[in-house]
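Below you'll find the structure, written out as structure tokens, and then a few comments.
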2 protein chains.
Amino acid sequence: MSSEQIKISTRDKILESAIRLFAEKGFSGTTTREIAEKAGVNEALIFRYFSTKRDLYSAIIERKISEEPGFEYPLEAFKETRDDWLIFKSIAIRMFDCVEKDPCFIRLLYFSALEGHELSDMFFDTYVQYQRMLLSDYIERRISEGAFKNVNPVLAARAFIGMVINYILVQEIFGEKKRRKIKREEVADTFVKIFLEGIKNN
Amino acid sequence: MSSEQIKISTRDKILESAIRLFAEKGFSGTTTREIAEKAGVNEALIFRYFSTKRDLYSAIIERKISEEPGFEYPLEAFKETRDDWLIFKSIAIRMFDCVEKDPCFIRLLYFSALEGHELSDMFFDTYVQYQRMLLSDYIERRISEGAFKNVNPVLAARAFIGMVINYILVQEIFGEKKRRKIKREEVADTFVKIFLEGIKNN
DNA sequence: TATAATATTAAGTAATCACTTACTTACTCT
DNA sequence: AGAGTAAGTAAGTGATTACTTAATATTATA
């Protein structure tokens with residue numbers, strides 16, 4: 001046998017199928033039996049690796065919180081550059097990327113918030129708050145440099161992130177994904193353009 | 001007895017408690033027994049008025065779809081006025097109002113979408129699509145009048161609605177409601193300002 | 001190969017689920 | 001008052017839930 005068989009651990013098989021099911025149907029909507037079936041393992045094994053169903057769910061959220069790099073931004077650029085277009089476009093594109101390569105992610109995030117999981121706040125903070133802070137710091141600096149209008153920087157950051165996230169959410173969660181297809185590039189450019197011209201002085 | 005006793009019908013008591021519970025915990029997270037307890041009626045009565053739990057859920061969504069006027073906008077204004085500020089601000093304020101007077105609404109909307117209820121598309125269309133269409137038609141006209149930049153009107157409408165909805169969503173669904181309190185007025189003004197100055201010519 | 005440790009399984013558990021049944025109470029109309 | 005209908009209830013139904021147990025299969029180490 002030339003090809004190495006990469007053995008996926010049982011634990012990982014369980015996690016993988018649980019992620020997909022929890023993302024699809026939420027915590028209450030998913031049964032441990034389904035998870036086991038989809039993972040191709042015996043249901044009892046779930047409870048060998050995770051003490052409860054809720055524990056498995058928590059493990060997933062913790063993993064999602066820690067695995068995503070999320071902070072790949074050129075942090076220095078945020079503190080020094082004046083290339084507004086680059087900053088905002090890279091944030092938008094990164095959000096599109098994030099959802100595209102892991103469609104479960106955003107559903108897990110919103111399900112965990114709606115279902116009131118204890119870790120959902122941390123989940124939220126890690127992603128949304130962090131980006132918002134990065135952006136609002138940048139906006140604040142640009143205001144003090146006289147480049148941006150004097151608006152509440154946090155509100156402005158939320159405005160921009162809101163445009164992008166809501167667009168993504170509607171595509172992913174409501175049926176719109178199939179209906180219309182606008183290129184990410186055009187979406188990002190339009191949003192950045194409207195926002196930047198709205199906030200810039202002159 | 002001087003005060004008239006207003007008798008709430010059993011059916012309405014069931015609907016009322018079901019709305020609150022489905023909004024709080026979703027469809028799968030809510031049991032018919034809980035609904036009955038909260039409504040103060042016998043569980044079997046639920047099935048006298050609604051043939052299944054899913055039927056009750058559908059009845060709620062249908063009710064939410066039909067009850068909200070939602071279309072109270074001065075439709076003529078959208079077709080004739082050039083008061084951009086009024087148009088956008090009234091949309092934003094209306095969205096804030098809608099959520100404030102019925103906090104269950106937005107949670108039901110997103111829960112039904114995530115849980116994949118068959119009526120969630122109609123739910124979505126009635127509210128989000130409708131407002132988006134109103135707005136994008138207005139934007140389109142203003143572009144043709146030379147007042148707005150030549151952007152994709154649907155994308156622009158989604159940008160604006162996204163700002164507002166996402167702000168609301170974060171307040172209502174993630175824990176932020178308690179943390180910070182920015183006045184609706186300031187939020188709406190900031191969003192409208194950024195958006196309008198971003199899309200206006202000159 | 002023998003043994004200890006681990007991984008996996010079938011077959012359970014009690015509790016809870018949505019939903020039903022058989023029955024009683026309350027109200028309406030003549 | 002009495003018949004007919006609607007509203008309400010207690011006590012169930014079988015199916016399914018998350019989770020357990022005790023026995024077996026597999027692997028690692030000696």
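Below, chains carry the letters A, B, ... as their sequence lines are ordered, and counting in each starts from 1. This is a predicted model, so every value here is computed, not measured. Heavy atoms only: backbone and side chains are in, while hydrogens, waters and symmetry mates are out.
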Determine, using ring centers only, whether B/F160 and B/F191 are less than 6.0 Å apart.
-> no
Proximity of A/Y57 and A/H117 rings by center, below 6.0 Å = yes
Quick one: OG on B/S120 to CD1 on B/I65, what's the gap to the nearest 0.5 Å?
-> 9.0 Å
Rounded to the nearest 0.5 Å, how far apart are CD1 of B/I14 and OG1 of B/T32?
-> 10.5 Å
Which pair of non-hydrogen atoms, one from B/S90 and one from B/I87, has the smallest distance, and what is that distance?
-> OG-O, 2.9 Å
Nucleic acid contacts - residues 51-62 of chain B versus DNA chain C, non-hydrogen atoms under 4.0 Å | B/T52, B/K53
Among residues 25-38 of chain A, which contact DNA chain C at a heavy-atom distance under 4.0 Å?
-> none
Can you pull the salt bridge (charged side-chain N to carboxylate O under 4.0 Å, His left out) pairs that have at least one residue in residues 43-61 of chain B, sequence neighbours excluded?
-> none
If the condition is salt bridge (charged side-chain N to carboxylate O under 4.0 Å, His left out), which residues does [X] pass it with, not counting sequence neighbours?
X      : value
A/E140 : none
B/K149 : A/E197
A/K13  : none

Could you check how far [atom1] of [X] sits from [atom2] of [N], rounded to whole Å?
X     : N     : atom1 : atom2 : answer
A/I14 : C/dT8 : CD1   : C1'   : 11 Å
A/F47 : C/dT8 : CZ    : C1'   : 15 Å
A/R11 : C/dT6 : CZ    : P     : 16 Å

For residues 105-113 of chain B, please give each side-chain donor-acceptor pair under 3.5 Å, one per line with the distance, not counting sequence neighbours.
residue : atom : partner : partner atom : Å
B/R107  : NE   : B/A23   : O            : 2.7
B/R107  : NH2  : A/L114  : O            : 2.7
B/R107  : NH2  : B/A23   : O            : 3.4
B/R107  : NH2  : B/E24   : O            : 3.0
B/S112  : OG   : B/L108  : O            : 3.3
B/S112  : OG   : B/L109  : O            : 3.0

Would A/F124 and B/V170 count as a side-chain contact (heavy atoms from CB on, under 4.5 Å) if you check the C-alpha gap in whole Å, the side-chain angles of each, and the deciding distance to 0.1 Å?
-> CA-CA 9 Å; A/F124 175 74; B/V170 167; 3.5 Å; yes
Net bend of the helix from C/dT1-D/dA30 to C/dT30-D/dA1, end axes of five pairs each, nearest 10 degrees | 10°
Between the protein and nucleotides 7-14 of chain D, list every N/O to N/O distance that falls short of 3.5 Å.
residue : atom : partner : partner atom : Å
D/dG8   : OP1  : B/T10   : OG1          : 3.3
D/dG8   : OP2  : B/T10   : OG1          : 2.8
D/dG8   : N7   : B/R48   : NH2          : 3.3
D/dG8   : O6   : B/R48   : NH2          : 3.1
D/dT9   : OP2  : B/N42   : N            : 3.4

Given B/Y49 and B/L56, is the side-chain contact (heavy atoms from CB on, under 4.5 Å) satisfied, shown in steps?
-> CA-CA 8 Å; B/Y49 291 99; B/L56 166 58; over 6 Å; no
Sorted by chain and residue number, the side chain to side chain donor-acceptor pair (under 3.5 Å) partners of A/D97 (sequence neighbours excluded) come out as A/R184
B/R132 with B/D125: basic N within carboxylate O range, under 4.0 Å = no
Sequence neighbours excluded, every pair satisfying side chain to side chain donor-acceptor pair (under 3.5 Å) that has a member inside residues 80-89 of chain B | B/R82-B/E145, B/D84-B/Y138, B/D84-B/R142, B/K89-B/E185, B/K89-B/D189
Are there any protein N/O atoms within less than 3.5 Å of an N/O atom in nucleotides 25-28 of chain D, and if so, which ones and at what distance?
none

